[in-house]
Amino acid sequence: MLRTLLRRRKKMLTIEDVTVTDRPEVHRAVSAAALGNMMEWFDFGVYAYMAATLGKVFFPSGSSGAQVIAAFATFAAAFVVRPLGGLVFGPLGDRIGRQKVLAATMIMMAVSTFAVGLLPAYATVGVAAPVLLLACRLVQGFSTGGEYAGATTYIAEYAPDKRRGFLGSWLDFGTFVGYALGSGLVTVLTATLGTDGMTDWGWRLPFLVAGPLGLIGLYMRMRLEETPAFRAEAESAESAAELAGAEEARQSGHGRLKEIFTGHWHAVLICMGLVVVYNVTNYVVTSYLPTFMTETLRQNPTTAQLLVLGTMILVALTITTVGRRSDTWGRRPLFMAGSAALVALAAPALLLIRAGGVLLPALGCCVLGLLLVVFAGTSAATLPALFPTRMRYGALSVSYNISVSLFGGTTPLVVSALLESTGDEMVPAYYLMGAGVIGFCSAFFLHETAGKPLRGSGPMVETPEQAQRLVAHSRTEAGRRARNVWMHLRHPGRHRHHEER
């Protein structure tokens, strides 16, 4: 009995086990991570809004439908190499630190995006033009393989447990602000220069803006410190450095990847399923919808762009509210409700978009935007909590990028090809409904993590007073458990009868 009581007492929380976050440091971490994501999605917004224009510049020999498919194929090519970037940057971030890797991905992303604006057109160098565009997209995809997983990991490991959903939602706030800035810039340039002006030279301007944005983001990320969770894990690893053999192999890149897929396969599958529903919805709304409305439905380009831009603004305005609600309602209920609603509302929303005019398509876009924000406001706090600290960056990078490559970034290409071959304008709705089913099943097996410490890390709070209350509560709970053990050993029958009552 004494051994049992001592063993339970060892689990009692002490003040040293609780991390009190520094509010200015947390704000810097959130801002720098969100800015990198904003730049990534600035590029996506520009590319999605200019798919038809880029098709004319780099693939002029095909029909309008073939040009769009070719442009989206180049867009999707970046996602083919994302798992490779995740395999490189993820384990590297677990070994040398999150901050260093996030700075490297920022440099690569800024340079490759800026380079797109300098590329010669097909009319100048022939087939070399699309080849160079593809090369730039591959570098973007490789760097992005370490970007989102690293940024979510960084924010999650800095955020207090009770506010992880709210603070994590600012990362995706940067996503949609970046998309809105990119798409808004394209909309203004299109209205100012006209279709011919954009095809001649105006398409370069949005990509050239990525250079200054990248310098600002790099400056902010170079000023960041490592996360408390990573520092604690690094100190623990150093104290156990005398262990050799199996432990050393486990810490190698090959050993980590093997452990991810053998010891955490269930978390990998849940992560991939949640990423499917989020990213399919995301890429349908942000990347495919503008082209669908203009090329398939033959709506006015400026009207279509403004409708999708308004949807992005709606998402940006509501995303932190959803993140805050996830801290109180839980991540699992939001994912399940959002997935079920996607299955039920995807077809009605698309029918509204096809109705013509402005009011009904605007209503359909708003429905899709509100469905999207449920996943966007919850993901950044949900996904990092699936994996322990020592392999969080690597496991999340691999899981996230495999799922995005197979089902997310390919969404515009697959939906365009299916619509072209079948002629059924409801294909986007069917695709969304399939993603909703996958998301619901994945959320069903998700363990609730709202308000709880990350796996492999101690509790994180905002003030010393909260830390003291948490320790006091832990001691009370430990005392109650010890009393229950004592009662069970001394009066087993009476204790069992009390529990049944």
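For this chain, numbers begin at 1 and follow the sequence in order.
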**Complete:** Across all chains, not counting sequence neighbours, the salt bridge (Lys or Arg N to Asp or Glu O under 4.0 Å) partners of Glu425 are Arg354
**Prompt:** Looking at residues at least two apart in the chain, or sitting in another chain, which of them share a salt bridge (Lys or Arg N to Asp or Glu O under 4.0 Å) with Arg23?
**Reply:** Glu462
**Message:** Checking Arg392 against Thr389: is there a side-chain donor and acceptor pair closer than 3.5 Å?
**Reply:** yes
**Message:** Hydrogens and angles aside, do Thr378 and Arg331 bring a side-chain donor and acceptor to less than 3.5 Å of each other?
**Reply:** no
Under 3.5 Å donor-acceptor, [X] side chain and [Y] backbone:
X	Y	result
Asp172	Thr175	no
Thr227	Phe230	yes
Ser326	Gly323	yes
Asn401	Ser397	yes
Ser31	Arg28	no
Gln299	Ile353	yes
Thr113	Ala110	no
Asp22	Glu25	yes

Side chains of [X] and [Y]: does their closest heavy-atom pair fall under 4.5 Å?
X	Y	answer
Leu193	Trp201	yes
Thr281	Leu342	yes
Lys56	Thr195	yes
Asp424	Tyr430	yes
Leu84	Phe142	yes
Val367	Pro348	no
Ser379	Leu274	no
Val285	Met312	yes

Minimum heavy-atom distance between [X] and [Y], given as atom pair plus value:
X	Y	answer
His266	Gly263	CE1-O, 3.8 Å
Arg82	Ser405	CB-OG, 3.7 Å
Thr382	Phe335	OG1-CE1, 3.8 Å
Ala151	Leu102	N-CD2, 3.7 Å
Leu185	Pro206	CD2-CA, 3.7 Å
Phe207	Gly117	CB-N, 3.6 Å

**Request:** Evaluate the criterion side-chain contact (heavy atoms from CB on, under 4.5 Å) for residue pair Ser169 and Arg324; output intermediate values, then yes/no.
**Result:** CA-CA 8 Å; Ser169 66; Arg324 192 189 298 274; over 6 Å; no
**Request:** Show your reasoning for whether side-chain contact (heavy atoms from CB on, under 4.5 Å) applies to Arg95 and Leu92.
**Result:** CA-CA 5 Å; Arg95 290 201 298 271; Leu92 192 63; 4.1 Å; yes
**Prompt:** Between Arg164 and Leu454, does a side-chain contact (heavy atoms from CB on, under 4.5 Å) hold up when you go through it step by step?
**Reply:** CA-CA 10 Å; Arg164 187 169 294 118; Leu454 294 170; 3.8 Å; yes
**Asked** ring pair (Phe, Tyr, Trp, His ring centres under 6.0 Å): which pairs involve residues 389-416, sequence neighbours left out?
**Response** Tyr148-Tyr400
**Asked** Who passes side chain to side chain contact (heavy atoms under 4.5 Å, CB included) against Trp265, sequence neighbours left out?
**Response** Leu269
**Message:** Please enumerate all residues that pass side chain to side chain contact (heavy atoms under 4.5 Å, CB included) together with Phe440, with sequence neighbours excluded.
**Reply:** Met336, Ser339, Ala340
[X] side, atom [atom1]; [Y] side, atom [atom2] - distance, nearest 0.5 Å:
X	Y	atom1	atom2	answer
Ile260	Ser399	CD1	OG	7.0 Å
Thr153	Leu396	OG1	CG	5.0 Å
Leu314	Leu309	CG	CG	11.5 Å
Met198	Thr53	CE	OG1	5.5 Å
Tyr154	Glu225	OH	CD	7.0 Å
Met220	Ile216	CE	CD1	9.0 Å

**Request:** Would you mind listing every side-chain hydrogen bond (donor to acceptor under 3.5 Å, both in side chains) that reaches into residues 85-94, with sequence neighbours excluded?
**Result:** Asp94-Arg98
**Item:** More than 12 heavy atoms of other groups within 6.0 Å of Tyr219 OH
**Value:** no
**Message:** Could you go through Thr411 and Tyr288, starting from their C-alpha distance and side-chain angles, then the distance that decides it, and tell me whether this counts as side-chain contact (heavy atoms from CB on, under 4.5 Å)?
**Reply:** CA-CA 8 Å; Thr411 293; Tyr288 180 70; 5.6 Å; no
